[in-house]
Amino acid sequence: MTFQMILTEIHERVGLIRLNRPKELNALNPQLLGELLEAADAFDANDAIGCVVIAGNDKAFAAGADIKQMAKASPVAMLELVYIDLWDRLAEIRKPIIAAVSGYCLGGGNELAMACDMIIASDTAKFGQPEIGIGVIPGAGGTQRLARAVGKALAMEMVLNNRWLSAEEALQHGLVNHVYTVDSYLDEALKLAAGIANQAPVAARIGKEAINMAFETSLASGIAHERKLFYLLFATQDQKEGMAAFKDKREPKWQGK
Ligand code: CAA
């Protein structure tokens, strides 16, 4: 695979995707998102990869959807471009995904980070949904995921009055998992990803599905769904191996089956 707007690397069982449009602060255009999804799909299908990290650079994770590209678009053009839908497709990747965020994480950039499963931030990260400043609202899940992540009151302030959050505020309000220095956030994200990638692979995928279900359904249906997924895992070799290893007081050897 050759890409023009992203870089990919493999670190043992972790697939790293770096957004690479630095001059435009990683503004997300259809080509960049298309390449990002192609790489994420390939890591998802690769048994040697257990977790994916998406990062930008130290100055910008991403400053949002590409405003210049959208400026003159009609609703029909937006629909036909299959552009904004690309954010939804990231949420369909089955393996765990961590966003490693530094600098600007705005608009569609914040929506991309929130479509991941966890966010690791550098202490320079700035989170915002500034679309009101260009006469629109978030269109790639921002109002929904932000309200679920930080609560209604703060989401309203961010979307209606362009309030940005510092990394520390984002941590305080549950938007991010951890904050590290700008020199170490990516290594820490890779370390977290390596930890996840070395867990039982099927259980990690199913655990992601079960937690995401919590945002889609009632408590009773979510618990019923979780119970079936829990029973399903008893069909895996990894469940037999994990429980046998516990009894034998040894480390399990996961097969991903
Ligand atoms: N789209 C297109 N280009 C962008 C961009 C974006 N979202 N954000 C930055 N750029 C470009 C700038 O136009 C500039 O390019 P030129 O050098 O060719 O002029 C380059 O990146 C550097 O940007 P600045 O000179 O503006 O850098 P700065 O440090 O002065 O400011 C910033 C940084 C505050 C992030 C500012 O660039 C900014 O406000 N960007 C737009 C943020 C925004 O409104 N995002 C929401 C987009 S809409 C959206 O995302 C909708 C959705 O829900 C899907």
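Just so you know, ligand 1 is whichever comes first in the structure, and atom 1 is the first atom listed for that ligand. Worth saying up front: this structure is predicted, and the values here are computed from it rather than measured.
- Atom 33 (C) of ligand 1 is flagged as protein-proximal [any protein heavy atom, distance under 4.0 Å].
- Judged purely by distance below 3.5 Å, without hydrogens or angles, the side chains of Q4 and Q31 pair a donor atom with an acceptor atom.
- Here I134 has side-chain heavy atoms under 4.0 Å from ligand 1, and that is the only part of it that gets that close.
- Protein heavy atoms are found inside the 4.0 Å sphere centred on atom 10 (N) of ligand 1.
- A donor atom on one side chain and an acceptor atom on the other are not found under 3.5 Å apart for D123 and Y185.
- At a heavy-atom cutoff of 4.0 Å, ligand 1 is contacted by both the backbone and the side chain of D66.
- At least one heavy atom of P138 sits less than 4.0 Å from an atom of ligand 1.
- Note: no N/O pair closer than 3.5 Å links P130 and ligand 1 by distance alone.
- In this structure, the side chains of N20 and P22 come closer than 4.5 Å at one or more pairs of heavy atoms.
- L106 CD1, 3.6 Å is the protein heavy atom nearest to atom 35 (C) of ligand 1.
- In terms of polar-atom proximity, K68 is counted as a contact of ligand 1, with an N or O under 3.5 Å from an N or O of the ligand.
- Shortest contact from atom 45 (N) of ligand 1 to any protein heavy atom: A63 O, 3.0 Å.
- Salt bridge absent: R21 and E35 never bring a charged side-chain N and a carboxylate O closer than 4.0 Å.
- Taking distance alone, with nitrogen or oxygen atoms compared against 3.5 Å, E111 approaches ligand 1 more closely than that limit.
- At under 3.5 Å, not a single nitrogen or oxygen of W87, backbone or side chain, sits near a nitrogen or oxygen of ligand 1.
- Protein heavy atoms come within 4.0 Å of atom 51 (C) of ligand 1.
- Ion pairing between a basic and an acidic side chain is recognised when a charged N comes within 4.0 Å of a carboxylate O; E241 and R250 show such pairing.
- Contact annotation: the side chain of I132 never approaches that of V159 to less than 4.5 Å [non-hydrogen atoms, C-beta and beyond].
- Inter-residue side-chain proximity for Q129 and L146 is flagged as met; some heavy-atom pair is nearer than 4.5 Å.
- Closest to atom 23 (O) of ligand 1, if we only count protein heavy atoms, is L25 CD1, 3.6 Å.
- Put simply, atom 25 (O) of ligand 1 has no protein non-hydrogen atoms near it, under 4.0 Å away.
- Not a single protein heavy atom sits closer than 4.0 Å to atom 30 (O) of ligand 1.
- No part of Q129 comes within 4.0 Å of ligand 1, judged by heavy-atom distances.
- Contact annotation: for A65 versus ligand 1, heavy atoms closer than 4.0 Å belong to both the backbone and the side chain.
- Closer than 4.0 Å to atom 13 (O) of ligand 1 lies at least one heavy atom of the protein.
- More than 12 heavy atoms of other residues, nucleotides or ligands sit less than 6.0 Å from atom CE of M243.
- Considering only non-hydrogen protein atoms, atom 41 (C) of ligand 1 sits nearest to I67 CD1, 3.7 Å.
- Ligand 1 has at least one atom lying under 4.0 Å from a heavy atom of G139.
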